[in-house]
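Here is the structure we will look at, set down as structure tokens.
Just so you know, these numbers use all the heavy atoms, side chains as well, and skip hydrogens, waters and symmetry mates. These numbers were taken from a predicted model, which means no experiment stands behind them. Whatever order the structure lists ligands and atoms in, that order sets their numbers, starting from 1.
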Amino acid sequence: MTEFRGDPHAGGRRVAVVVARFNEIVTRRLLAGALDGLRARGVANEDVDVAWVPGAFELPMVARRLAASGTYDALICLGAVIRGETAHFDHVAAQAATGIRAAAEATGIPVIFGVLTTDTLEQALARAGGDHGNKGWDAATAALEMASLLEQIPKEA
Ligand code: INI
């Protein structure tokens, strides 16, 4: 039996982070968590690029362009969609999730869903460096783990 397991402790990787400006009080903290997580695993500052988009709805388009560039081992998308603030919460959240997954499938590069979908700002802040950890950090872990895992498993024939 072969067991494949991604190793997040891997330096030398290039990572792009796409982050939404909407609810920036939350997303700035997610970004800080993601950058901390990448650095803690040995990713060099110069191997990380950050692109800001207006809102979570725009994450997939930019993520897909960056993933297709061949420059990065993994992409991280960060956003905060808060139900209390919008009637179109469900559309924005669903389009972000579907589009991010499509970007990964189209390019074969891991594109990580680091988008909070919460009912309130307080719940979002709790998950952006508050009582419930930092989803940005978790997204960094997932990105490096997936980059390592995809390196190990056989490619499409
Ligand atoms: N974008 C977010 O990232 N989070 C939200 O909570 C949000 N709300 O509340 O509407 C939001 N809307 C903007 C959207 O992502 C697009 O930027 C906008 O519709 C332009 O396409």
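Proximity of D49 to Y72: side-chain heavy atoms (C-beta onward) are separated by under 4.5 Å at one or more points. Considering only heavy atoms from C-beta on, V15 stays 4.5 Å or farther from D47 through its side chain.
Taking distance alone, with nitrogen or oxygen atoms compared against 3.5 Å, A56 approaches ligand 1 more closely than that limit. Checked against a 3.5 angstrom limit, the closest N/O atoms of F22 and ligand 1 fall outside it.
The environment of F57 atom CZ is sparse: at most 12 non-hydrogen atoms of other residues, nucleotides or ligands sit within 6.0 angstrom.
In this structure, a donor-acceptor pair under 3.5 Å is absent between the side chains of R127 and N134. A donor-acceptor contact closer than 3.5 angstrom is absent between the side chains of T141 and E145.
Numbered from 1 in the order shown, with element, the atoms of ligand 1 that lie under 4.0 Å from a heavy atom of I82 read 6 (O). Each of the following atoms of ligand 1 lies closer than 4.0 Å to a heavy atom of N23: 4 (N), 5 (C), 6 (O). Against a heavy-atom cut-off of under 4.0 Å, V92 is close to the following atoms of ligand 1: 15 (O). Interface of H88 with ligand 1, defined as ligand atoms under 4.0 Å from a residue heavy atom, comprises 10 (O). Residue F57 approaches ligand 1 through these ligand atoms, each under 4.0 Å from one of its heavy atoms: 14 (C), 15 (O), 16 (C), 21 (O).
Counting heavy atoms closer than 4.0 Å to ligand 1, residue V53 contributes nothing at all.
The shortest heavy-atom distance from A80 to ligand 1 is under 4.0 Å.
Checked by atom type and distance alone, the side chain of Q95 never pairs as donor or acceptor with a backbone atom of H91 at under 3.5 Å.
Taking all atoms of both residues into account, the shortest heavy-atom contact from L30 to G114 is CD1-O, 4.1 Å.
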